[in-house]
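Proteins get letters first, then strands, A, B, ... in listed order; numbering begins at 1 in each.
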There are 2 protein chains.
Amino acid sequence: MNYSRQRELIYKTVVENPIHPTADTVYAIVRAQEPNISLGTVYRNLNLLSQQGLLQKICLPNASDCFDGRCDEHHHMLCTHCGKVFDLPFTLKLEELKKQAGAFPGFLITGCQILFHGLCAECRGKH
Amino acid sequence: MNYSRQRELIYKTVVENPIHPTADTVYAIVRAQEPNISLGTVYRNLNLLSQQGLLQKICLPNASDCFDGRCDEHHHMLCTHCGKVFDLPFTLKLEELKKQAGAFPGFLITGCQILFHGLCAECRGKH
DNA sequence: ATAGAAACAGAAATCATTACTGTTTTTAAA
DNA sequence: TTTAAAAACAGTAATGATTTCTGTTTCTAT
């Protein structure tokens, strides 16, 4: 993977904006500094970076994929009302869970994503 | 929700084919019995049925949404090589996990989806 | 320097999914 | 039973996210 100014900018944008931006949001932010960047470049690099393990791609129900600059093991909570994604601010105890999953004969588990859903504090206040 | 022959057929197809079919796969199966059914009808009903809690819609990375006729609490394993989705044949112990997530101030948790990924037995054999 | 590989911008294409339109089916009440 | 309103349908068009294509520019390792 060769260096490119665009890729660095895309990477920094995701890491410095911990709002779990979609490709389109990254594109909007990045264009302020790099007006001619193309949306295809944003998609290509977000995918490359997440394949390399430098970003995490998060797949959400009924919404565009979004990206997370945190790559340590952590999980997410989706507010089904406003659509925002939050990092859970603690480490879940997954050892037992992984042990159970690993016991399924023949499988080789390489990872696990956990997505809680519900209402965030703000949306909860409004209902 | 009124009765319709098409909806019943779509529902039965998902329940009787525990392969986690996509809308397109359901469409292909259903067309054998109902040649003029339209893809829009399949999508509409799969969404209705999962909103009603009669089916579960599963959102996967880099793939179409798929559907599961099992609606008890259970979780999935995605083979990153062949793309197949498997039901985990046991109940994970999520009480502790939910307690932790519920402790995040202000949030109201209504559900949780867990997706393991890795290699299934068959794909593992080939590598 | 320079040549080959990688990356780019911009545009077109693809794929999954949803929305629209006019017709048929269902349902509940007259 | 009719019948009228609501719901659902088929078929098609539209949308939105994402990927692919093409010709040009930028990196990088000699």
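- Residue A:Asp65 contributes atom CG, which lies 8 Å from atom P of D:dT19 at whole-angstrom precision.
- The pair A:Glu122-A:Lys126 counts as a salt bridge, with a side-chain nitrogen and a carboxylate oxygen less than 4.0 angstrom apart.
- Side-chain atoms of A:His76 do not come within 3.5 Å of backbone N or O of A:Val85 as any donor-acceptor pair.
- The phosphate of D:dC9 (OP1 or OP2) has a side-chain N or O of B:Asn45 nearer than 4.0 angstrom.
- Residue A:Tyr3 is classed as a sugar-phosphate contact, given heavy-atom separations below 4.0 Å to backbone atoms only.
- Here the nucleotide nearest the side chain of A:Asn2, chosen from C:dT26, D:dT18, D:dT28, is D:dT28.
- In this structure a side-chain-to-backbone donor-acceptor pair under 3.5 Å is missing from B:Arg7 to B:Leu46.
- Of the two residues contacting DNA chain C, namely B:Ala63 and B:Arg5, the nearest-nucleotide position lying further toward the 5' end is that of B:Ala63.
- Within the structure, every side-chain polar atom (N or O) of A:Ser4 is placed at least 4.0 Å from both OP1 and OP2 of D:dT26.
- Checked against the 6.0 Å centroid criterion, the rings of B:Phe107 and A:Phe86 qualify as a close aromatic pair.
- For A:Asn62 and C:dA16, the CG to C1' distance is 13 Å, given to the nearest whole Å.
- With C:dC8, C:dT17, D:dA17 as the choices, the nucleotide that has an atom nearest any side-chain atom of B:Ala23 turns out to be C:dT17.
- As rounded to whole Å, 13 Å separates atom P of D:dT18 from atom CD1 of A:Ile58.
- Among the heavy atoms of the strands, none lies under 4.0 Å from B:Asp24.
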TODO: Test salt bridge (charged side-chain N to carboxylate O under 4.0 Å, His left out) on B:Asp72 and B:Arg70 and set out the steps.
DONE: CA-CA 6 Å; B:Asp72 58 313; B:Arg70 272 185 65 184; 2.8 Å; yes

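- C:dT17 atom P lies 15 Å from atom CG of A:Leu60, rounded to whole Å.
- Straight-line distance from the CG atom of B:Leu9 to the P atom of D:dC9: 11 Å, rounded to whole Å.
- A:Arg7 comes within 4.0 angstrom of the backbone, heavy atoms only, and of no base.
- A:Ile37 comes within 4.0 angstrom of sugar-phosphate atoms only, judged by non-hydrogen atoms across all strands, and of no base.
- In this structure, A:Glu8 places its CD atom 14 Å from C1' of D:dC27, rounding to the nearest Å.
- Residue contacts for B:Asn47: at a heavy-atom cut-off of 4.0 Å it reaches the sugar-phosphate backbone alone, with no base atom in range.
- Applying the 4.0 Å criterion to OP1 and OP2 of D:dT19, one finds that A:Arg44 has every side-chain N and O outside that range.
- Between A:Ser38 and C:dG10 there is no side-chain N or O to OP1 or OP2 distance below 4.0 Å.
- Straight-line distance from the OH atom of A:Tyr27 to the P atom of D:dT19: 16 Å, rounded to whole Å.
- With C:dT17, C:dT27, D:dA17 as the choices, the nucleotide that has an atom nearest any side-chain atom of A:Tyr43 turns out to be D:dA17.
- A close approach under 4.0 Å does occur between a side-chain nitrogen or oxygen of B:Gln6 and OP1 or OP2 of D:dA10.
- For the pair B:Leu48 CG and D:dA6 C1', the interatomic distance rounds to 14 Å; values are reported in whole Å.
- With hydrogens and angles left out, the side-chain atoms of A:Asp87 and A:His20 include a donor and acceptor closer than 3.5 Å.
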